[in-house]
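Each remark here refers to the structure printed beneath this line.
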Amino acid sequence: MPKSFPVKRSPVRLLLWLNLLMMSVALFGLALLPPQGSSLGGRLGARSVIVIPRPFGPDAATIVAQAQGVLMRSGIAGAMLARGDAPDFIVRLYAHGALMVLDGKVLQGCAS
């Protein structure tokens, strides 16, 4: 019976996978940060955001209404562009069931 030799993994390959994992975590973490101008630090005044609801929770229109915001435009997969004047608008959106809240400046020009 032939001898089996242990398979050695290259340390370079392991480092590449760890690097890819760390970059993915960092980019996903940046996507979850509240947009600039939120109550966590930024400008005061109205802010436009993209609200993405949870798959089995309330829809984006309900979340925005409960957070005392105004719907500006609907999007794909239940996401909506919304606007709110309250300084804690982003926090309210998360409290009422938003999965993710992204900066709406990109789509604000399309909504007018």
Q) So do Leu15 and Arg13 actually touch side chain to side chain, heavy atoms under 4.5 Å? A) no
Under 3.5 Å donor-acceptor pairs involving side-chain atoms of residues 61-72, not counting sequence neighbours:
| residue | atom | partner | partner atom | Å |
| --- | --- | --- | --- | --- |
| Thr62 | OG1 | Asp59 | OD1 | 2.4 |
| Gln66 | OE1 | His96 | ND1 | 3.4 |
| Gln68 | OE1 | Arg92 | NH1 | 2.6 |

Report yes if some heavy atom in the side chain of Ile90 is under 4.5 Å from a heavy atom in the side chain of Val49; otherwise report no.
yes
Heavy-atom side-chain contact between Tyr94 and Leu99 under 4.5 Å
no
Heavy atoms of Gly78 and Pro53 approach each other most closely as O-CD, 3.5 Å
Scanning both residues in full, the closest heavy-atom pair of Gly84 with Phe89 reads N-CE2, 3.6 Å
Ser48 and Asp103 have their tightest heavy-atom pair at O-OD1, 3.8 Å
Can you confirm whether Ile52 sits close enough to Leu102 that some side-chain heavy atom of one is under 4.5 Å from a side-chain heavy atom of the other? yes
Note: with side-chain heavy atoms under 4.5 Å as the link, the other cluster members for Leu18 come out as Leu14
The reported gap from CE in Met80 to OG in Ser74 (rounded to nearest 0.5 angstrom) is 5.0 Å
